[in-house]
Peer 1: 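Would you mind keeping the following structure in view while I ask a few things?
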Amino acid sequence: MTSSTGRGAPAAPAAAAGRPGGEVIVVPGVGEQARRRRADGYDRFLTALSPLRPGVALIAVGGLGRRQCAPHGDLDLVLVHAGLPGIEELAASIWYPVWDAGLRLDHSVRTVAEALAVARDDVKVALGLLDARLVAGDAALAESLVHAAAEQWRRAAVRRLPGLREITTARWQAHGELAFLLEGDVKEAAGGLRDLAVLRAIATAGVTDALRPAVRAAHLRLLDVRDALHEQTGRRVDRLVAQERDGVADRLGLRQPGLGGHHGDVLLRRVAGDARTVSHALDDAFRAAERLRAGRPGSGVAHPVRRPVARDVVEHDGELVLARTAIGARPDPSLALRMAAASATTGLPIARATCEWLAAYCPPLPAPWPAQARTALITLLGAGSGLVPAWETCDRYGLVDRWLPEWTRMRSLPQHNPVHRFTLDRHLVQTACEASRYTRDVQRPDLLLLAALLHDVGKGVPGTDAEDHSTAGVPIAEAVAARIGLGEPEVALIGALVRLHLLLPDVATRRDLADPVTISGVAAAVGDPATLDLLHALVRADAAATGPAAWSRWKGRLVAELVARVRTVLDTGALPAPPAPDPALLAEPLPVIQVGGDRVAVAAADRRGLLATVAGCLALHRLDVVAADATAVDGRALVECRVQPRYGLAPDPVAVGADLRRAVAGDVSVLRALAGRALAGRASGAAARVVWHREAATDAVLLELRAADAAGLLYRVTRALDDAGAQVRAARIATLGGSVVDVFYLVGGRLDEETRAGLEAAVLGAV
């Protein structure tokens, strides 16, 4: 609405003395009364600052205009005048004391005609004027602007709403959906406070009843969350970050027995419910506006007709409704599922009245489900991008709980893992959506889609942690599969897919794929090529639904290599031969240095400490090692690494190669730099752990390190192992958010308990 000056200061202090306005009282507290008291305090302060005369009015918009001031929000002010001279000096006499009080200010100076002209060209300004309220000055002038702005909006609203929808959609794409995000912006994300302003504008235009009681209640609760977040952080913050959730929940008095001091999950689930209410209301309002616009005289759109879409489902005016023949004395129990499938496949929304009718009158499904209900579910899950909005609509009206009673436990459940971007329920639906891309790659696409929806159902089960959710989810998934009418072999396969859905990525990133024990172990667990294909598709869908940190080209290559090797065993019974080293590493004069793409290889005469030296040198160039192999062939020590830039920008390969050559040759300056890097990159946070695996390799004992991620960690650990006399033939590095799981293959004979204890102490000391 207004233009920013760039002089915004930190959040308002408790008082500002020495100015005409006296003290600014910043009222603490959360709730509607606290917001109104803050607005009253600002009004008194601004009134005392405003030596206004006839023809000038100070008008508040935004939160102050609505009397919904946040503890550390902006003041949005418009100085309206009737063309008086010297208005800029008068404006400065108001703005400067506001800035000096430490308040953030957005401001403008305009005549009524200028303000209305800007509102005609800028829909955001038009919405801002709908909240306009007189603070001080000429009441008649202010009333003329408020009345004219509202009337101008009502006359042009239907024509301007498509532009408003475009702006709103762009904001949603930038900030995501508040209901499903673990760290959503309560103001800008879809379903947040900004959407309430859009709903008020649509309601003001008289298009539809956009502010129903449930929406107003959700609005007040979201305002409370924002206020508590401001007070918790002591500044203007609208993103509900993880470290503030428990404090915000405490300020709101949210408690749940059994959670100890952790109440952030209760807060997230409440925010998710409110955001869904707002989002659903806004979708309905935009559709009503579009129908109104299409029905205007001269629009060129004929009177809407009913068009059959599927059995018992017709399209009417851009929405799906029930055919008249479907509304009988005994509705088909599969009717709601078939309606959802039609919505997902056509991309058309289900009319609100139809959802309400289905929720009230559609009978529960029998167990096992009839074939047409099962077919409708698979059609719904395989619809691609149309699945998410159709599923969410049905969930809002309680239909999903009738299909899957287990859904109540999973709805809006946070996932406390930094790689996840969605709550559990949305993650499961998104995984099914992503799995639809791979249905042509597997023999049983129906089981792939169902497994995608159920793969994480073990999360949130009381007494279950993140590491054993796959096992805990098996009986739940099998019960669902049996209830929907699958046969015993299919039920068992669904259980196997849930149990094994992490097998491929875990093995690919933590084990040596050239080791026969690795490949034969996966082959025995999978059992047949068809199951292997299903797991491969499920892994890719799961990663895409988790978030960008869950997948990379390198991880995809590792998983694909593992799948190819396991397939060879399942098809032929023979283990594939391990890859041979590059002949150049064995033939060229020592040392041999190869740097290109994501591969770094070194051949040197001395094996001892070579892996640590290479890892440290790569850390100097901010290259993370994701896999490393150390071998000895014909008297040469070989180290081959796969790397990726820590901060996204690859270093100069010539500089990397030169430093590697100097480090391998024992250059003192490079070795000193490595030591300095090791000291500077110490990990912090939760205590590190060491786990031993004795039967996971052909010729090695595996030491698995779980620790906080830090630059140079691999160098420090490999150097510690080398100093302790251990011989590392391979390393696999897996980064999970801010944590790592590093696996080291130790060779040279079986390690007794005393030796293992010494190595464990050395590794933990290095971390």
Peer 1: Looking only at heavy atoms, which two atoms of Ala545 and Phe422 are closest? And how far apart?
Peer 2: O-CD1, 3.6 Å

Peer 1: Which pair of non-hydrogen atoms, one from Arg160 and one from Ala126, has the smallest distance, and what is that distance?
Peer 2: NH1-CB, 3.9 Å

Peer 1: For Ala149 and Leu130, which heavy atoms make the closest approach, and how far apart are they?
Peer 2: O-CD2, 4.3 Å

Peer 1: So, for Leu387 and Leu381, which heavy atoms are closest and what is the spacing to 0.1 Å?
Peer 2: CD2-O, 3.8 Å

Peer 1: Any side-chain heavy atom of Asp283 within less than 4.5 Å of one from Glu392?
Peer 2: no

Peer 1: Is a side-chain N or O of Thr354 found less than 3.5 angstrom from the main chain of Ile350, in a donor-acceptor match?
Peer 2: no

Peer 1: Is it the case that the side chain of Arg276 and the backbone of Ala179 share a donor-acceptor pair, with hydrogens and angles ignored and the cut-off at 3.5 Å?
Peer 2: no

Peer 1: Are there over 12 heavy-atom neighbours, none belonging to Gln243, within less than 6.0 Å of that residue's CD?
Peer 2: yes

Peer 1: Less than 4.0 Å between a side-chain N and a carboxylate O, is that true for Glu177 and Arg426?
Peer 2: yes

Peer 1: Any donor and acceptor pair, going by atom type alone, linking the side chain of Arg194 with main-chain N or O of Lys187 inside 3.5 Å?
Peer 2: no

Peer 1: Any donor and acceptor pair, going by atom type alone, linking the side chain of Gln232 with main-chain N or O of Arg251 inside 3.5 Å?
Peer 2: no

Peer 1: Would you call Asp138-Arg53 a salt bridge at under 4.0 Å N-O?
Peer 2: no

Peer 1: Measure across Ala390 and Ser343 and return the closest heavy-atom pair with its distance rounded to 0.1 Å.
Peer 2: CB-OG, 3.8 Å

Peer 1: Quick check: Phe180 with His420 (ring centres under 6.0 Å apart)?
Peer 2: no

Peer 1: Would you find more than 12 non-hydrogen atoms of other residues, nucleotides or ligands less than 6.0 Å from Glu151 atom CD?
Peer 2: yes

Peer 1: Please name the pair of heavy atoms, one in Asp76 and one in Gly62, separated by the smallest distance, quoted to 0.1 Å.
Peer 2: OD2-CA, 3.9 Å

Peer 1: Will you find, in the side chains of Thr423 and Arg411, an N or O donor that is under 3.5 Å from an N or O acceptor?
Peer 2: no

Peer 1: For Arg133 and Arg67, indicate whether the former's side chain and the latter's backbone hold a donor-acceptor pair under 3.5 Å.
Peer 2: no

Peer 1: Would you say Val314 and Val321 make side-chain contact, with heavy atoms under 4.5 Å?
Peer 2: yes

Peer 1: In plain terms, say whether Arg226 and Asp238 are close enough for a salt bridge, that is, a side-chain N and a carboxylate O under 4.0 Å apart.
Peer 2: no

Peer 1: So, Glu315 and Arg306, do they make that salt bridge, N to O below 4.0 Å?
Peer 2: no

Peer 1: Would you call the rings of His72 and His230 parallel, tilted or perpendicular, taking 30° and 60° as the class edges?
Peer 2: tilted

Peer 1: Under 4.0 Å between a Lys/Arg side-chain N and an Asp/Glu carboxylate O for Asp131 and Arg66?
Peer 2: yes

Peer 1: Tell me whether Asp195 is salt-bridged to Arg171, with the criterion being a basic N under 4.0 Å from an acidic carboxylate O.
Peer 2: yes

Peer 1: Between Glu32 and Leu220, is any pair of side-chain heavy atoms under 4.5 Å apart?
Peer 2: yes

Peer 1: Classify the ring geometry of Tyr96 against Trp99: parallel below 30°, tilted from 30° to 60°, perpendicular beyond 60°.
Peer 2: perpendicular

Peer 1: State whether the side chain of Glu231 and the backbone N or O of Val30 hold a donor-acceptor pair below 3.5 Å, judged by distance alone.
Peer 2: no

Peer 1: Do the charged groups of Asp317 and Arg287 touch, with an N to O distance under 4.0 Å?
Peer 2: no

Peer 1: Distance-only, no hydrogens or angles: does the Asp425 side chain make a donor-acceptor pair with backbone N or O of Ser412 under 3.5 Å?
Peer 2: yes

Peer 1: Is there side-chain contact between Val215 and Leu196, with heavy atoms separated by less than 4.5 Å?
Peer 2: yes

Peer 1: Do Thr169 and Gln173 have side chains that get closer than 4.5 Å, going by heavy atoms?
Peer 2: yes

Peer 1: With a 4.0 Å cut-off, would you call Asp224 and Arg35 a salt bridge?
Peer 2: yes

Peer 1: Under 4.5 Å between any side-chain heavy atoms of Thr47 and Ser50, yes or no?
Peer 2: no

Peer 1: State, yes or no, whether a side-chain contact exists between Leu77 and Asp106 at a heavy-atom distance under 4.5 Å.
Peer 2: no

Peer 1: Among Asp246, Leu252, Leu229, Asp250, exactly one meets side chain to side chain contact (heavy atoms under 4.5 Å, CB included) together with Leu267. Which residue is that?
Peer 2: Leu252

Peer 1: Give a yes or no answer on whether the side chain of Glu114 reaches the backbone of Thr111 with a donor-acceptor pair at less than 3.5 Å.
Peer 2: yes

Peer 1: Walk me through it: do Glu188 and His175 pass the test side chain to side chain donor-acceptor pair (under 3.5 Å)?
Peer 2: CA-CA 6 Å; Glu188 301 293 345; His175 294 279; 4.6 Å; no

Peer 1: First locate atom CG of Leu90, then atom CG of Leu84, and finally report the distance between them rounded to the nearest 0.5 Å.
Peer 2: 8.5 Å

